[in-house]
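Worth saying up front: this structure is predicted, and the values here are computed from it rather than measured. Just so you know, these numbers use all the heavy atoms, side chains as well, and skip hydrogens, waters and symmetry mates.
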Amino acid sequence: MIKTNDSFSFKHLDWDTDFFDVKSAKAIISGTLTLKEWQKLLDFCEEYAFVSIVNMNSEPINSCFIGMNTSAYLVDTNIQFEKKVERIHQTANDVVIQNGLNRNEEILKLANFKYSKFIEDPQLEKRNGRVVYFEWLKNAFEKEDKYFAISYNQQSKEVMGYALFSYIKNDCLIELIAVNPKFNNLGIGSKLFMAVQNEAANQNCINIRVGTQFRNLEAINFYQKVGCKQVGCHQIYHLWKE
């Protein structure tokens, strides 16, 4: 169920409702709200115990509406990056690309991400928010539209890192990327990104897109290092019914 307006869309979240055991929805504010639109959005929120509100490009007027009229709080600021796809002729022979991948326990062990709105919101953390990324990965296995770039150690055959990505029209979307701590500072992340970029070129994609948290300076520096440019800065508020 999606309700739309000139400046926002509102959607019921089936997976979140089932997983967190609380009626959940997501509002995406894409423009500057009028007072009438804001009131309409609030009316939609009344039906839900939990609403994630995304304020695209951190529009100040929308921030004022949210802060002055609700108990919602800022839980995350998501930085969006983009890079024009270009083919890299040098490829890493320890990275393979596979879709429809069978469940891989080594990859699942790397689902421990430091920054996450699912644990920084105490209401979600106590509702098993810490395992959301584990579930995200688990649900990506055996899916033909979900692709993994996996870096293997040539000697031990251990997973050194992976990138989970998918395609939306002419864009390649990196969903998750992680490096095994045992293999930090070996350039694994850059090799994974390069492999994803080559695969995106094979699929005739125009852009690679990826997002990360404002507090995740390591990730921000990494995406800038591999040539990405910041194209968005979106505030995410969580509104819980009191």
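- There is a side-chain donor-acceptor pair under 3.5 Å between Asn153 and Ser156.
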Please walk me through it: do Arg103 and Glu105 pass salt bridge (Lys or Arg N to Asp or Glu O under 4.0 Å)? CA-CA 7 Å; Arg103 177 172 172 142; Glu105 298 301 329; 2.6 Å; yes

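- Counting only N and O atoms by type, the side chains of Arg130 and Asn112 include no donor and acceptor under 3.5 Å apart.
- Taking the six-membered ring where the residue is Trp, Tyr223 and Phe81 present tilted rings, their angle falling between 30° and 60°.
- Side-chain contact between Val85 and Asn204 is absent, with no heavy-atom pair separated by less than 4.5 Å.
- Ring pair Phe10/Tyr48: centre-to-centre distance below 6.0 Å.
- If you check the side chains of Asp121 and His238, you find a donor sitting under 3.5 Å from an acceptor.
- In the displayed structure, Lys225 atom NZ is contacted under 6.0 Å by at most 12 heavy atoms of other residues, nucleotides or ligands.
- Taking the six-membered ring where the residue is Trp, the centroids of Phe141 and Phe148 are separated by under 6.0 Å.
- Tyr133 and Trp136 have parallel rings, their planes meeting at less than 30° on a 0 to 90° scale where 60° marks the start of perpendicular.
- The 12-atom threshold is not exceeded at CG of Asp21, counting heavy atoms of other residues, nucleotides or ligands nearer than 6.0 Å.
- Without hydrogens or angle criteria, Asn207 side chain to Cys172 main chain gives no donor-acceptor distance under 3.5 Å.
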Going through the checks in order, is the side chain to side chain donor-acceptor pair (under 3.5 Å) test met by Thr77 and Gln213? CA-CA 6 Å; Thr77 301; Gln213 291 84 358; over 6 Å; no

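- One side chain, Tyr237 or Gln235, offers a donor N or O that lies under 3.5 Å from an acceptor on the other.
- If you check the side chains of Gln197 and Lys83, you find a donor sitting under 3.5 Å from an acceptor.
- Ion pairing between a basic and an acidic side chain is recognised when a charged N comes within 4.0 Å of a carboxylate O; Lys117 and Glu120 show no such pairing.
- In the model, Glu218 has no side-chain atom that pairs as donor or acceptor with a side-chain atom of Asn216 under 3.5 Å.
- In terms of heavy-atom proximity, Glu106 sits nearest to Lys157 at OE2-O, 4.2 Å.
- Side-chain contact annotation: Ser63 with Asn55, donor-acceptor N/O pair under 3.5 Å present.
- A donor-acceptor pair shorter than 3.5 Å can be found between the side chains of Asn99 and Glu144.
- In this structure, Lys40 places its NZ atom where only 12 or fewer heavy-atom neighbours from other residues, nucleotides or ligands lie under 6.0 Å away.
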